[in-house]
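Shown next, in structure tokens, is the structure this report addresses.
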Amino acid sequence: MRKKLPGIASATKKLADGTRRKYFYAWRGGPLIKAEDGTPLKPEDPRFFVAYTDAHRARKMPAQGTMFNLVALFRSSAEFTSLSDKTRKSYSRYLKMIEENHGDMPIEVVEHPKARGEFKSWRDQLADKPRTADYAWTVLARVLSVAKDRGKIARNVCERGGRLYETDRTETIWTADNIKAFCAVASTELQAALLLALWTGARQGDLLRLTWAAYDGARIRLRQGKTGKRVTIPVGAPLKAALDAAIAAGRPTTTILSNTRGKPWTEDGFRTSWGKAFDRSGLSDDLHFHDLRGTAATRLALAGCTVPQIAAITGHSMKDVESILEAHYLGGAIELAEAAIVKLNAVYG
């Protein structure tokens with residue numbers, strides 16, 4: 001029996017009567033393997049396996065009444081399980097950090113107002129990587145939010161924590177010149193991705209997963225991986241022409257986008273190919289594929305679309321569309337202002 005159970009440690013002790021007895025432990029430094037009445041067990045005893053298994057099961061269970069419990073609760077919650085695989089993977093990295101740094105913190109300490117200072121100090125230790133620090137804080141705040149919502153703690157001390165990483169993307173949109181420069185060096189497959197992004201406003205991951213079954217000749221229907229929201233997008237003439245031409249030529253894969261070998265893109269493969277083409281284009285390092293999503297919203301606004309119309313196409317909430325146009329992607333502010341004056345002149349000029 002003993003040979004089949006990994007990690008068992010043993011020690012021989014001399015008893016008061018001078019005899020020696022061998023004791024067995026579930027692992028080095030672990031608990032003594034014993035019966036319910038406290039009698040030490042030997043590997044040949046049938047009860048040994050049960051006691052060994054119970055010890056390891058208890059070892060894997062989070063310490064009761066601590067942050068470990070709150071993290072375990074979050075992992076089993078719909079707030080976590082409903083996330084995309086990619087997001088869950090990212091969250092798991094930070095959940096592990098939280099367990100390593102705060103796992104044994106008692107719940108009564110977690111909800112105490114002074115705990116905020118300790119959590120802030122932990123975040124500040126990551127300040128050399130502001131995005132990492134902010135992500136870690138966000139995940140911790142969500143863990144505590146779920147715990148509070150489930151009645152496990154009375155206070156979430158990590159609400160409204162502020163951000164260390166600040167970025168001003170006011171002018172960060174793809175202009176016509178940017179698009180022209182990129183297409184001049186990009187493969188046909190990468191140009192197709194850019195065209196699809198500009199005319200749908202969808203995220204990169206959603207576009208790479210998009211199948212031909214989602215296109216009916218007039219509309220594209222997709223389910224956003226990040227939010228789970230279903231979006232129906234009428235297809236504009238340039239995009240329709242490209243999609244119909246691809247169908248006529250024979251679709252190489254089940255996905256609309258494919259690499260130069262006619263295979264579906266992997267996310268890593270796409271990012272690598274996109275990055276190489278971007279470097280060859282000589283464009284600014286601050287311009288990213290994700291900015292095409294905001295560019296699409298801005299182009300729709302410049303075309304005269306309302307906030308609800310833009311939201312219906314890109315899948316943003318109306319509040320997010322307003323934020324994009326007002327704070328993050330105002331590269332077209334001059335054009336919007338000029339269009340407004342044209343309308344004003346038509347009425348009062």
Side-chain angles (χ1 to χ4, degrees), residues 74-92 135 138-139 142 145-146 189-240 242-244 246-247 251-259 262-271 273-274 288-301 305-325 328-329:
F74 180 74
R75 289 183 188 276
S76 64
S77 70
E79 285 84 347
F80 179 73
T81 58
S82 63
L83 298 173
S84 67
D85 291 341
K86 181 179 178 180
T87 304
R88 285 202 304 274
K89 184 177 180 181
S90 297
Y91 267 48
S92 293
Y135 207 145
T138 297
V139 174
R142 291 204 68 180
S145 176
V146 169
E189 291 76 12
L190 290 175
Q191 292 182 51
L194 185 146
L195 180 66
L196 196 59
L198 284 174
W199 283 88
T200 64
R203 296 179 178 85
Q204 180 185 117
D206 293 334
L207 294 178
L208 296 181
R209 289 188 296 271
L210 196 61
T211 66
W212 285 106
Y215 174 56
D216 64 5
R219 300 175 183 82
I220 288 176
R221 293 178 174 82
L222 66 82
R223 182 176 182 274
Q224 294 182 329
K226 184 175 182 179
T227 66
K229 183 186 296 183
R230 296 186 181 278
V231 182
T232 299
I233 306 168
V235 176
L239 179 58
K240 177 176 171 55
L243 294 176
D244 291 347
I247 293 174
R251 293 169 284 192
T253 61
T254 56
T255 56
I256 292 179
L257 297 178
S258 60
N259 59 29
K263 304 292 184 181
W265 287 101
T266 63
E267 291 194 6
D268 287 342
F270 181 82
R271 282 195 292 267
S273 296
W274 182 274
H288 306 287
F289 184 95
H290 180 72
D291 294 317
L292 291 169
R293 182 160 160 79
T295 303
T298 302
R299 281 158 52 99
L300 289 166
C305 296
T306 65
V307 168
Q309 288 172 333
I310 296 172
I313 291 173
T314 65
H316 288 101
S317 68
M318 287 191 286
K319 181 179 179 181
D320 286 343
V321 171
E322 290 172 349
S323 296
I324 289 171
L325 299 180
H328 298 295
Y329 295 98

Could you check whether any side-chain N or O of [X] sits under 3.5 Å from a backbone N or O of [Y], counting only pairs where one atom can act as donor and the other as acceptor?
X: Ser145; Y: Arg142; answer: no
X: Arg203; Y: Arg293; answer: no
X: Lys240; Y: Gly217; answer: yes
X: Gln224; Y: Thr314; answer: yes

* To do: Can you run down the side chain to side chain donor-acceptor pair (under 3.5 Å) pairs that involve residues 208-218, sequence neighbours left out, and say none if there aren't any?
  =>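 Applying side chain to side chain donor-acceptor pair (under 3.5 Å) to every pair that reaches into residues 208-218, excluding sequence neighbours, yields Asp206-Arg209, Tyr215-Asp244, Asp216-Arg221.
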Pairwise side-chain contact, [X] with [Y], heavy-atom cut-off 4.5 Å (strictly under):
X: Leu208; Y: Glu267; result: yes
X: Trp199; Y: Val235; result: no
X: Leu194; Y: Phe289; result: no
X: Val231; Y: Ile313; result: no

Show the nearest heavy-atom pair for residues [X] and [Y], with the distance to one decimal.
X: Val146; Y: Phe74; answer: CG2-CD1, 3.6 Å
X: Ala214; Y: Leu210; answer: CB-CD1, 3.7 Å
X: Ala296; Y: Ala197; answer: CB-O, 3.9 Å
X: Ser258; Y: Thr253; answer: CB-OG1, 3.8 Å
X: Leu207; Y: Ala202; answer: CD2-CB, 3.5 Å

Mind checking what makes side chain to side chain contact (heavy atoms under 4.5 Å, CB included) contact with [X], not counting sequence neighbours?
X: Glu189; value: Ser187, Thr260, Trp265
X: Arg88; value: Phe80, Leu83, Asp85
X: Ala311; value: Met318, Val321

* Apply side-chain hydrogen bond (donor to acceptor under 3.5 Å, both in side chains) to Ser76 and list each qualifying residue two or more places apart in sequence or on a separate chain. =>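 Expected list: none.
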* **Ser82: side-chain hydrogen bond (donor to acceptor under 3.5 Å, both in side chains) partners, not counting sequence neighbours** =>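 Ser82 satisfies side-chain hydrogen bond (donor to acceptor under 3.5 Å, both in side chains) with no other residue.
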Looking at [atom1] of [X] and [atom2] of [Y], how far apart are the two atoms once the value is rounded to the nearest 0.5 Å?
X: Arg271; Y: Thr266; atom1: CZ; atom2: OG1; result: 8.0 Å
X: Leu195; Y: Leu190; atom1: CG; atom2: CG; result: 12.5 Å
X: Ile310; Y: Thr298; atom1: CD1; atom2: OG1; result: 8.0 Å

* Within 6.0 Å of NZ in Lys263, more than 12 heavy atoms from elsewhere ->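 Open.
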* To do: Flag yes if more than 12 heavy atoms outside Arg219 fall under 6.0 Å of its CZ atom; otherwise flag no.
  =>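 Check fails, neighbour count at 12 or below.
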* To do: Might you work through the side-chain contact (heavy atoms from CB on, under 4.5 Å) test for Arg75 and Tyr91, ending with a clear yes or no?
  => CA-CA 10 Å; Arg75 289 183 188 276; Tyr91 267 48; over 6 Å; no
